[in-house]
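These notes concern the structure reproduced below.
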Amino acid sequence: LSGNSSNPSLAVSATKLYAAWQNDGGNDDIYFASATNGLTAFSAPVNVSNMTGDSVRPTMAYDATNGVIYLAWQDSNSGNQEIWMAVSNNDGTSWTSPINVSAAATGAYWPDFAALISSSGWDLLWTEGSAAPYTIKFKNSTGVVAAVSDSPGTFTPDYDTVTDYT
């Protein structure tokens, strides 16, 4: 790849190591590769984001129950900073088209997958807001959406039920 690679994220299965990172060859994009064979070689990098905006800050989770890789990142594709996600159910060989999971009018930043709280699927956190005070948002694959930091110790419903992105 041309350009600089940065902001790596790792996930593991029983037999593979998955790596995602940001590369600034042109505009910033999110790339993915996997390693097997004792981690001696990685697959060819795949551009997962491939969007017109700058895709930065990747975060990844692996659902061992269903063998699914979840990859999220921050992107300016919509003209506003948003959190986008793609899913692979074949070890990263192919990915779903990116989906905007934040749809934030004020901007969404710094995504991070939480440990998988539910038995399967994904649990994602991010920061939202254009100026302080910022809010920590939570969304998962079962439709739970909450503003975590509005009232410490509680999850406040914040959006309508979301689509299951698996």
Side-chain angles (χ1 to χ4, degrees), residues 1 3-11 18-32 45-63 66 68-89 92 95-166:
L1 295 174
N4 297 304
S5 296
S6 62
N7 294 323
S9 179
L10 297 175
Y18 304 110
W21 66 94
Q22 164 187 336
N23 184 276
D24 68 359
N27 65 316
D28 288 294
D29 282 307
I30 304 302
Y31 284 84
F32 171 89
V46 174
N47 184 340
V48 177
S49 61
N50 204 25
M51 300 170 80
T52 58
D54 284 326
S55 301
V56 298
R57 298 184 180 96
T59 183
M60 214 173 4
Y62 178 72
D63 173 359
N66 297 306
V68 178
I69 305 165
Y70 301 98
L71 179 56
W73 62 91
Q74 176 184 322
D75 193 281
S76 61
N77 187 60
S78 64
N80 190 26
Q81 294 295 324
E82 300 282 0
I83 306 304
W84 292 76
M85 184 172 80
V87 178
S88 175
N89 60 10
W95 293 85
T96 61
S97 296
I99 301 163
N100 183 338
V101 295
S102 62
T106 58
Y109 311 89
W110 303 291
D112 193 17
F113 277 106
L116 294 176
I117 298 165
S118 55
S119 61
S120 63
W122 51 272
D123 302 291
L124 184 63
L125 297 163
W126 67 88
T127 302
E128 196 167 293
S130 59
Y134 297 102
T135 301
I136 303 300
K137 298 289 181 147
F138 170 88
K139 186 179 277 190
N140 73 13
S141 56
T142 61
V144 174
V145 183
V148 179
S149 62
D150 286 349
S151 300
T154 63
F155 279 164
T156 306
D158 194 53
Y159 300 108
D160 294 331
T161 302
V162 298
T163 304
D164 182 357
Y165 298 115
T166 55

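Quick caveat: nothing in here was measured; it's all calculated off a predicted structure. Position 1 is the first residue of the sequence, and the numbers go up from there.
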Would you give the length of the straight line joining atom [atom1] of [X] to atom [atom2] of [Y], rounded to the nearest 0.5 angstrom?
| X | Y | atom1 | atom2 | result |
| --- | --- | --- | --- | --- |
| Trp126 | Ile83 | CH2 | CD1 | 7.0 Å |
| Lys137 | Tyr109 | NZ | OH | 13.5 Å |
| Ser49 | Met85 | OG | CE | 14.5 Å |
| Leu125 | Asp112 | CG | CG | 6.5 Å |
| Thr59 | Leu10 | OG1 | CG | 10.5 Å |
| Asn47 | Trp95 | CG | CH2 | 11.5 Å |

**Item:** Name of the residue among Asn77, Asn27, Asp28 meeting side chain to side chain contact (heavy atoms under 4.5 Å, CB included) with Met51
**Value:**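 Result for side chain to side chain contact (heavy atoms under 4.5 Å, CB included) with Met51: Asn77.
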**Message:** Can you classify the ring geometry of Phe113 versus Tyr70 as parallel (below 30°), tilted (30 to 60°) or perpendicular (above 60°)?
**Reply:**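 Phe113 vs Tyr70 ring planes: tilted.
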**Message:** Under a 3.5 Å distance rule, please check whether Asn7 uses its side chain to pair with a backbone N or O of Val56 as donor and acceptor.
**Reply:** no
**Message:** For the backbone of Gly3 and the side chain of Asp24, can you confirm whether one donor and one acceptor N or O come within less than 3.5 Å of each other?
**Reply:**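 Here the side-chain-to-backbone pair does not exist.
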**Item:** Pair Ser76-Asp54, side-chain hydrogen bond (donor to acceptor under 3.5 Å, both in side chains): steps then yes or no
**Value:** CA-CA 6 Å; Ser76 61; Asp54 284 326; 4.9 Å; no
**Request:** Test Ile69 against Phe32 for side chain to side chain contact (heavy atoms under 4.5 Å, CB included), laying out the working first.
**Result:** CA-CA 11 Å; Ile69 305 165; Phe32 171 89; 3.9 Å; yes
Which heavy atom of [X] sits nearest a heavy atom of [Y], and at what distance?
| X | Y | answer |
| --- | --- | --- |
| Val87 | Val68 | CG1-CG1, 3.2 Å |
| Pro58 | Trp73 | CA-CB, 4.1 Å |
| Met60 | Tyr18 | CE-O, 3.4 Å |
| Asn100 | Trp84 | N-CE3, 3.4 Å |
| Leu71 | Ala20 | CD1-CB, 3.6 Å |
| Trp21 | Pro8 | CB-CA, 4.2 Å |

**Prompt:** Judged by modelled atom types alone, do Glu82 and Ser102 share a side-chain donor-acceptor pair under 3.5 Å?
**Reply:** yes
**Request:** Step by step, work out the side chain to side chain contact (heavy atoms under 4.5 Å, CB included) result for Gln22 and Ile30.
**Result:** CA-CA 5 Å; Gln22 164 187 336; Ile30 304 302; 4.2 Å; yes
